[in-house]
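A short worksheet on the structure shown next.
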Amino acid sequence: MANDFGLQSLQLRQMVAARLRAEILDGTVKPGEWLRQEALSRRYGVSQTPVREALKQLAAEGLVEDVAYRGVRVVDLCRGDVEDLYACRALIESRAARFAAANITDGEVDELEEIYRRMSSCPVPEGLSEYRELNRQFHAAIIAASRRSFMVRNLAQLWSAFPTMLWSNIPPVARTSAPGRDEPDSAEHAEIVAALRQRDPERAARAVRHHIEAACIALLAAMENQRSGDAQATQVGAAAEG
């Protein structure tokens, strides 16, 4: 009986964590938003215990933070955070690509090329959600092909939330691609596939690093555009009130 109760508690925690994680990643719950246990308990129709445990799980994943004496809120990443995140990705994923070039099989290259082909055929903006999921699979396949278990684990944690959350929570790029990135992005993915098919470690590492750094620049530009738009809206509102 105790085991049944423990299993039910685990299932409820996982259910709450999954639903809240999805709402954070798709932008329903915004960066900086406070997460009150009572409100979440009512929203999901559960007691506060699985909510509390789910919040601990999401805090461990880095999606939310526990602020002393105030409660739990969704993380709100600043420009410096984004720069650091993408710098870490560029460093570790380029290293993973170097090892992948030495270890990847013909079948894995074929699979990677198929993912790239499907990405290229995704219409934007209506197919953007599928494109971003395929992009995640593309990078995950390269990381897995490195056969470096430590990098696989750490990059899986980075990819589990942040790239998706970052893009989905910035209005200029939430539902459409970054301006001017469609063709360069496709060319960068093609270069990565070509480098891996040639089993060229340095070329693969260089291609992945360039791709991630270019994505970072595009995201930072979108963040800056959002900040400028918010500032203009504030000025217009102040002028109207004045």
Side-chain angles (χ1 to χ4, degrees), residues 25 61 82-168 170 173-222:
L25 297 185
E61 295 175 13
V82 172
E83 290 172 338
D84 291 342
L85 169 65
Y86 275 83
C88 288
R89 279 193 56 206
L91 177 65
I92 306 175
E93 287 192 46
S94 63
R95 180 174 172 81
R98 182 178 285 109
F99 283 104
N103 294 309
I104 198 167
T105 66
D106 288 341
E108 287 172 325
V109 176
D110 291 342
E111 179 185 351
L112 199 64
E113 196 155 32
E114 173 61 16
I115 295 173
Y116 166 67
R117 185 194 64 76
R118 291 172 61 194
M119 290 169 66
S120 300
S121 65
C122 280
V124 177
E126 56 269 25
L128 187 61
S129 177
E130 180 185 2
Y131 179 90
R132 286 179 173 162
E133 170 57 22
L134 289 169
N135 182 63
R136 186 195 65 77
Q137 294 177 22
F138 183 92
H139 285 268
I142 297 170
I143 295 162
S146 73
R147 312 289 194 264
R148 308 286 285 199
S149 59
F150 179 81
M151 287 193 291
V152 170
R153 289 195 304 271
N154 280 270
L155 286 169
Q157 183 175 1
L158 277 177
W159 264 99
S160 66
F162 287 117
T164 301
M165 183 179 71
L166 287 168
W167 290 93
S168 65
I170 298 175
V173 292
R175 293 179 175 81
T176 188
S177 55
R181 275 295 293 161
D182 288 343
E183 290 185 14
D185 191 65
S186 179
E188 289 158 15
H189 283 111
E191 169 63 11
I192 293 169
V193 174
L196 291 172
R197 189 169 289 284
Q198 290 296 317
R199 309 303 199 275
D200 188 329
E202 295 306 316
R203 181 182 175 188
R206 185 168 58 250
V208 167
R209 177 180 287 274
H210 171 71
H211 171 61
I212 293 172
E213 289 175 345
C216 180
I217 290 170
L219 181 58
L220 291 172

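Side chains included, hydrogens not; waters and symmetry mates left out as well; all remaining heavy atoms used.
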Nearest-0.5 Å distance, [atom1] of residue [X] to [atom2] of residue [Y]:
{"X": "F99", "Y": "I104", "atom1": "CZ", "atom2": "CD1", "answer": "14.5 Å"}
{"X": "R98", "Y": "D200", "atom1": "CZ", "atom2": "CG", "answer": "10.5 Å"}
{"X": "R117", "Y": "C122", "atom1": "CZ", "atom2": "SG", "answer": "10.0 Å"}
{"X": "D106", "Y": "E113", "atom1": "CG", "atom2": "CD", "answer": "11.0 Å"}
{"X": "R89", "Y": "N154", "atom1": "CZ", "atom2": "CG", "answer": "14.0 Å"}
{"X": "E191", "Y": "L196", "atom1": "CD", "atom2": "CG", "answer": "9.5 Å"}

Does any part of the side chain of [Y], heavy atoms only, come nearer than 4.5 Å to the side chain of [X], both counted from C-beta?
{"X": "E93", "Y": "I142", "value": "no"}
{"X": "L134", "Y": "F138", "value": "no"}
{"X": "R95", "Y": "R148", "value": "yes"}
{"X": "I143", "Y": "W159", "value": "yes"}
{"X": "E133", "Y": "E130", "value": "no"}
{"X": "R197", "Y": "D110", "value": "yes"}

Give the ring-plane orientation class for H211 versus H139, where under 30° counts as parallel, over 60° as perpendicular and anything between as tilted. parallel

Atom of [X], atom of [Y] and distance for their closest heavy-atom approach:
{"X": "A141", "Y": "L112", "result": "CB-CD1, 3.7 Å"}
{"X": "N135", "Y": "M119", "result": "OD1-CE, 3.7 Å"}
{"X": "A145", "Y": "E108", "result": "CB-OE1, 4.1 Å"}

Salt-bridged, R209 to E213, with N to O below 4.0 Å?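 Answer for the salt bridge query: yes.
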
Would you say R203 has more than 12 foreign heavy atoms packed within less than 6.0 Å of its CZ?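 Yes, because the 6.0 Å sphere around CZ of R203 holds more than 12 heavy atoms from other groups.
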
Does S186 reach the main-chain N or O of E183 with its side chain, forming a donor-acceptor pair under 3.5 Å? no

